[in-house]
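First comes the structure, then the notes that go with it.
Throughout, a chain's letter reflects where its sequence line sits, starting with A, and its residues are numbered from 1. Computed from heavy atoms alone, side chains included, the values below leave out hydrogens, waters and symmetry copies.
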Amino acid sequence: MPKKEWIAMLLAGGQGSRLGVLTRHIAKPALAFGGKYRIIDFSLSNCSHSHIDTVGILTQYKPFLLNSYIGIGSAWDLDTSDGGVHILPPFVGEQGGRWYKGTANAIYENIDFINSYEPEFVLILSGDHIYNMNYEKMLDEHKAKGADVTVSAIQVPWEEASRFGIITTDPEGRIIKFSEKPVKPDSNLASMGIYIFKWKLLKEALQKDEARPGSENDFGKNILPMLLEEGKRLFSYDFQGYWKDVGTLESYYEANMELLHEEPGLNLYDREHPVYSTIPILPPQYIGPNAKVSNCLVANGCTILGEISNSVISTGVTIAEGAKVEHSILLPYTTVLEDARVYRAITGEKAVIKPHCILGTESRSDQRKSSIAVLADRAVCGGSRHA
Amino acid sequence: MPKKEWIAMLLAGGQGSRLGVLTRHIAKPALAFGGKYRIIDFSLSNCSHSHIDTVGILTQYKPFLLNSYIGIGSAWDLDTSDGGVHILPPFVGEQGGRWYKGTANAIYENIDFINSYEPEFVLILSGDHIYNMNYEKMLDEHKAKGADVTVSAIQVPWEEASRFGIITTDPEGRIIKFSEKPVKPDSNLASMGIYIFKWKLLKEALQKDEARPGSENDFGKNILPMLLEEGKRLFSYDFQGYWKDVGTLESYYEANMELLHEEPGLNLYDREHPVYSTIPILPPQYIGPNAKVSNCLVANGCTILGEISNSVISTGVTIAEGAKVEHSILLPYTTVLEDARVYRAITGEKAVIKPHCILGTESRSDQRKSSIAVLADRAVCGGSRHA
Amino acid sequence: MEKMIGIISCNYGLEYPEGIGERRPLAAIPFAGRYQMLDFALSNMVNAGIRTVGIILPSNIRPVLDHLGAGKEWKLGRKEGGLVILQGSDSGIFPRSNGFLLRDLQKNTDYLENNAAEYVVLSNCSNVVNMDCRQAFLQHKKDGADITLIVKELIAEQEDEFGLIAVTDRSGWVLNFEQAKAKSGQSVQRFANMIIIKRRLLLDIIHGHKNIEYEDFMEILRIHASKLKIKTFSIPGYFGRIDSKQTYFQRSMEMLRPEIQKELFWGSRQILTRVRDRPPTKYGPISSVHDSLVSSGCLIHGTVSQSILFRGAVIEAGAQVINCIIMKNCRISRGAILENVIVTKNAMVHPDTVIKGRPDHVMVLNRDDGF
Amino acid sequence: MEKMIGIISCNYGLEYPEGIGERRPLAAIPFAGRYQMLDFALSNMVNAGIRTVGIILPSNIRPVLDHLGAGKEWKLGRKEGGLVILQGSDSGIFPRSNGFLLRDLQKNTDYLENNAAEYVVLSNCSNVVNMDCRQAFLQHKKDGADITLIVKELIAEQEDEFGLIAVTDRSGWVLNFEQAKAKSGQSVQRFANMIIIKRRLLLDIIHGHKNIEYEDFMEILRIHASKLKIKTFSIPGYFGRIDSKQTYFQRSMEMLRPEIQKELFWGSRQILTRVRDRPPTKYGPISSVHDSLVSSGCLIHGTVSQSILFRGAVIEAGAQVINCIIMKNCRISRGAILENVIVTKNAMVHPDTVIKGRPDHVMVLNRDDGF
């Protein structure tokens with residue numbers, strides 16, 4: 001196995017329970033997003049564009065669904081014979097197995113995996129963020145500053161700061177304080193959950209933390225504060241650009257809808273940084289003779305015979321004649337049958353809206369107030385006129 | 001995910017404890033064999049030549065060593081985006097995890113994985129056999145006979161029959177009796193542990209067996225007898241050719257030494273059926289000016305300056321000037337230093353025999369009687385004159 | 001399936017679709033929004049379980065090689081076999097022959113010699129078809145034919161030249177070949193430029209005709225028609241042949257019919273093509289799109305009807321695109337009106353430009369045309 | 001590393017190694033038991049982190065394309081970039097020019113235009129070398145050179161023609177170029193046919209010289225020597241140039257020296273090549289092999305000394321092979337004696353044949369020679 005300068009470890013373990021029925025069958029990173037992507041595509045594409053060829057994906061879940069999505073990583077140019085994408089579920093020893101205790105424990109349990117590549121640096125990523133980023137620039141800064149740890153950070157609105165890990169730096173960018181979800185934040189610089197560590201240092205820190213009774217084995221709560229206390233050189237890397245945590249139903253809906261803006265924060269059209277995805281090879285979308293399409297994102301393989309507006313329509317969706325879809329996100333292979341209505345809703349993969357059915361609330365004044373209607377994967381909305 | 005006609009499930013879980021120190025760090029299927037191969041290469045190459053593009057590998061062990069050897073399967077042409085090789089260790093649920101209970105339980109636990117390919121047939125393989133076989137011919141016969149299950153079988157010497165699962169057939173090849181390691185075998189037709197099942201039938205059988213208290217969840221002991229009892233159509237497929245279980249140190253040594261015969265049973269030179277392997281790209285072997293090489297198999301990347309005879313010399317081995325190796329198997333990157341001696345021994349990967357050391361027994365009359373000397377991976381034989 | 005290898009000739013193109021391709025070989029002509037003509041022949045072979053396909057290159061090799069890449073999309077990025085790139089014979093920029101040049105095969109006899117496959121499928125890239133080659137192969141074996149010619153039974157819509165066609169008996173055995181000039185309403189078995197043949201027989205033919213290298217392979221079959229057992233296999237479904245700009249346009253517009261889309265693209269046999277990672281297509285608030293096939297990565301603010309848009313096309317507000325084919329990365333600026341026009345890739349149509357062709361005589365705009 | 005792409009010309013070969021290659025381009029000549037000449041240039045680029053390499057094909061494309069396959073071994077089987085196959089210009093079967101034909105680059109300007117890389121490395125395939133291109137690149141950037149010429153400082157062993165060489169000042173800046181005829185013992189900076197240049201500058205040169213397309217790229221540099229900041233980078237280690245049958249044989253025999261093996265093949269930068277799955281080599285009970293490099297899949301029952309055996313060579317009992325190069329799949333039958341001979345691939349030497357060349361004039365046997 002050749003020695004690597006760096007490898008990435010992607011924490012994809014989040015149960016995604018705040019995303020409700022959408023993540024009942026699918027791990028959060030594999031949830032569809034933006035018409036043709038899945039959430040994990042963004043991190044993996046970033047790795048690919050940053051010339052990282054080895055990625056370990058840490059997941060608590062039965063890995064085969066993620067396995068079958070990621071395959072051999074060829075969608076992201078990560079199918080190299082001496083690197084590649086490896087899914088790392090918790091391991092069962094002779095004494096049985098247990099779930100990862102925390103983000104740091106997940107890395108700790110896979111020290112052997114990382115050691116086998118003898119990397120100089122390890123990049124730690126989260127699997128449920130939407131953003132385009134070149135990690136190479138962060139590594140360059142990490143090296144230039146002679147940092148032990150570099151934490152990628154972004155300015156957030158002050159009123160939201162207490163939801164994040166908040167970083168306070170000196171004028172050189174060196175981190176002097178790190179507070180996980182502080183009640184009274186003294187900075188609005190939030191950690192994005194993206195870290196570069198010297199591997200040697202991280203390994204020692206993980207071993208020390210693992211031995212500490214009472215530790216939650218978490219990067220933000222335990223590892224970073226411990227290293228700060230020890231006087232290690234932690235630096236902040238200021239990220240400029242679009243970044244969104246899509247961990248809740250509202251933020252997921254919002255992030256999708258933002259793509260419909262005339263100038264979306266997230267640029268999917270950047271030729272230098274395409275977002276890769278594993279998608280079946282489907283024919284172009286067909287827009288029928290009586291269709292109306294207004295302010296929508298529509299993916300390949302769709303057949304649109306009805307009316308759609310202000311919506312994100314994913315791969316392989318069918319909208320029958322007379323059907324109407326507004327302010328909604330239709331996940332792959334949703335079928336909306338004749339004269340059905342979908343308002344401010346998210347439909348799971350392969351969901352079916354039967355003829356004349358209504359999903360969501362029709363009245364325009366109600367829509368803003370109402371919560372988002374969600375239909376699970378393969379669910380059928382039908383029979384009665386209201387879902 | 002496209003529907004597949006068949007997929008293979010390879011049982012690679014064997015602890016290999018009968019192979020002693022050789023499998024201390026490496027799962028048995030990843031043990032080196034025949035100079036440049038690993039045991040699992042034979043099954044995976046067979047899959048590739050049989051046009052199977054999806055293989056699940058069931059392992060109890062921390063999978064990353066096997067992972068890093070198998071990589072994305074490109075060595076075996078198994079790196080297809082909609083199939084490929086998947087390593088399937090036991091799964092940890094919210095309630096914890098446990099090892100597979102038996103061969104059938106291992107498949108049972110991965111029903112979801114198999115279902116995702118919707119195969120018509122499933123081929124069950126063992127990971128510790130050395131043989132070249134085209135499974136397509138077996139499938140053809142399975143289909144031609146309208147079998148529910150086909151069991152590949154080979155004639156073994158009568159005196160060894162009680163070590164195997166023994167099959168008794170009617171004149172049409174239909175199995176009428178299956179006895180696991182019978183004391184008094186009434187046939188010398190032994191099961192090779194290779195089965196083709198109709199997936200629908202196997203799934204039902206696994207579910208039934210799993211519910212049975214006291215079952216060992218084993219194919220030979222439980223599943224096959226149960227199906228026979230139910231009157232299902234089980235057929236034997238008569239395999240002609242070389243086949244060897246290398247589960248013990250003696251059989252492993254023997255199988256290697258058989259490759260030195262003038263006409264070895266196992267043909268490695270068949271252009272229509274090359275055995276694929278993941279090997280580093282190394283220069284050709286260099287045979288020094290004073291070297292003597294007699295009746296040996298030598299792999300790429302070796303430097304032979306001393307004398308070797310009747311031995312299998314694996315990838316990257318170095319034999320210094322004045323050293324002598326006889327009747328031995330040197331696993332990859334073994335170094336035999338100046339004037340050392342290796343007799344009837346197996347040296348683990350990256351083992352070192354220090355100058356003037358002797359591994360094994362020099363006296364020719366003792367050699368036949370003596371057991372095989374084994375040096376573990378990375379072990380150093382040195383200091384004293386005897387190991 | 002028995003061992004079978006494929007050969008696809010891209011060194012081919014009678015009545016070259018003038019203007020559409022800027023010297024692209026027919027194999028590399030874009031079709032139906034995201035495909036290239038080569039995809040049909042290649043997918044049909046791969047879907048029949050063929051794992052080794054030789055591609056005979058045209059004189060301009062880049063468009064074909066760029067499209068194929070490492071062959072991953074067709075599952076041909078293999079260690080053994082997979083895509084085998086073969087050199088085509090030099091035959092000028094616009095090869096005139098309508099078929100397989102014998103010389104193209106002669107040049108690549110080592111590919112045929114060094115393979116243990118029993119059968120070879122030969123095809124060119126002029127047809128839009130999704131067919132089950134296994135059926136043709138099973139018939140070939142069952143009937144013990146020397147050669148199976150893949151044909152399509154068509155009713156001539158008008159008096160037409162069909163070139164060399166096979167005259168068969170009732171069960172489909174070929175009696176002889178003749179130059180056909182069919183009358184309207186007459187049924188004709190049109191050759192689909194696809195053949196199944198034993199590898200050894202193909203080699204015998206190649207070696208036996210060393211001196212007439214510029215001959216078409218069909219001509220050779222005509223010579224031997226009486227001695228060889230040649231049978232036809234008729235393609236059951238949709239079959240669209242492209243041999244001119246006008247037939248290219250007709251076949252393209254047929255793709256707007258849902259029943260043809262369904263048959264070609266939504267059955268169990270997928271047409272595989274190169275994946276380019278483009279985002280979904282964005283329809284602006286005032287866009288108006290009807291009866292059109294639209295590929296990914298487009299940006300539509302104007303009006304589009306009865307048209308085909310390839311990847312990355314931009315239709316600005318106020319632009320009108322009617323009965324057109326707009327290829328990759330074109331921009332149709334505000335106020336421009338296009339009707340019955342093919343715009344080839346990377347072209348930019350300036351604001352308020354009006355270009356109208358006739359349905360039976362479409363216009364072709366190229367990037368360098370300066371409109 | 002900054003974005004850099006590579007271009008390797010295989011359309012090249014002065015003083016073609018007569019007989020060795022049966023019309024194989026120099027790029028595809030087998031070397032050191034398992035490599036092809038192309039592997040050195042390609043591995044040097046890949047090892048420097050270059051992920052997009054254009055390969056300019058020779059007129060006989062098969063040997064190069066067969067060797068490269070899908071590019072997996074060089075980690076170039078990529079979606080973006082990876083191996084990009086470029087068409088070479090037609091220049092007869094034996095191109096005469098010793099360098100980069102400007103025309104080869106002109107034909108592929110779109111490859112250079114459609115890429116955002118800042119730098120380009122150009123190389124041909126005539127050298128056996130394992131070098132750290134990053135060092136040359138770092139020097140290029142540090143010194144702010146327009147062009148870095150990779151050279152090897154050699155002491156002429158005899159009076160020799162060196163072609164166009166660079167005359168530099170003490171710090172390596174090129175003052176001018178001249179035709180060199182070195183005397184024995186004289187130090188000469190031999191051009192390694194490898195250049196680092198900004199992509200935009202390379203395009204400027206290509207566009208600025210549209211009318212002298214058959215010119216060598218080095219000639220262009222000579223014209224502009226006074227205006228461009230050209231610096232040399234000297235390769236520190238082993239450098240073996242092949243430009244004739246005799247130099248091919250000399251370089252091959254140098255591979256028997258353990259210190260050269262170590263430097264070329266056992267350092268941190270691997271020379272990558274196509275993997276063919278052959279079993280280990282089998283030495284029979286009475287074989288006698290000394291001071292030889294032996295590839296996998298051979299079967300040796302005879303005597304071999306000071307020789308290089310490629311994959312699958314068979315040396316029968318009683319055969320003697322001394323100071324020879326035996327290429328892929330050759331069979332040297334019982335009792336045959338070969339000395340100072342190169343046997344090209346797939347050849348069979350009949351029993352008891354005796355062929356002896358001279359060390360300074362080796363014989364070449366081809367399959368069709370009928371010995």
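- In terms of modelled atom types and a separation under 3.5 Å, the side chain of D:K72 and the main chain of C:A70 share no donor-acceptor contact.
- Looking at C:L57, only its side chain comes within 4.5 Å of chain D, counting heavy atoms on both sides.
- To the nearest 0.5 Å, atoms CG (C:N114) and CG (D:D66) are separated by 9.0 Å.
- Note: D:I61 CD1 to C:L65 CG = 7.5 Å, rounded to the nearest 0.5 Å.
- Neither the backbone nor the side chain of C:R276 comes within contact range of chain D; no heavy atoms are under 4.5 Å apart.
- Heavy-atom neighbours of D:R278 CZ from other residues, nucleotides or ligands within 6.0 Å: above the threshold of 12.
- The shortest non-hydrogen separation linking C:I85 to D:R62 is O-CD, 3.0 Å.
- In this structure, C:R311 places its CZ atom where more than 12 heavy-atom neighbours from other residues, nucleotides or ligands lie under 6.0 Å away.
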Please tabulate, one pair per line, all N/O donor-acceptor pairs under 3.5 Å involving side-chain atoms of residues 35-46 of chain D, not counting sequence neighbours.
from: D:D39; atom 1: OD1; to: D:H67; atom 2: NE2; distance (Å): 2.7
from: D:D39; atom 1: OD2; to: D:Q36; atom 2: N; distance (Å): 2.7
from: D:D39; atom 1: OD2; to: D:H67; atom 2: NE2; distance (Å): 3.3
from: D:D39; atom 1: OD2; to: D:T273; atom 2: OG1; distance (Å): 2.7
from: D:S43; atom 1: OG; to: D:D39; atom 2: O; distance (Å): 2.6
from: D:S43; atom 1: OG; to: D:L272; atom 2: N; distance (Å): 2.8
from: D:S43; atom 1: OG; to: D:L272; atom 2: O; distance (Å): 3.4
from: D:N44; atom 1: OD1; to: D:M131; atom 2: N; distance (Å): 3.1
from: D:N44; atom 1: ND2; to: D:F40; atom 2: O; distance (Å): 3.1
from: D:N44; atom 1: ND2; to: D:V129; atom 2: O; distance (Å): 3.1

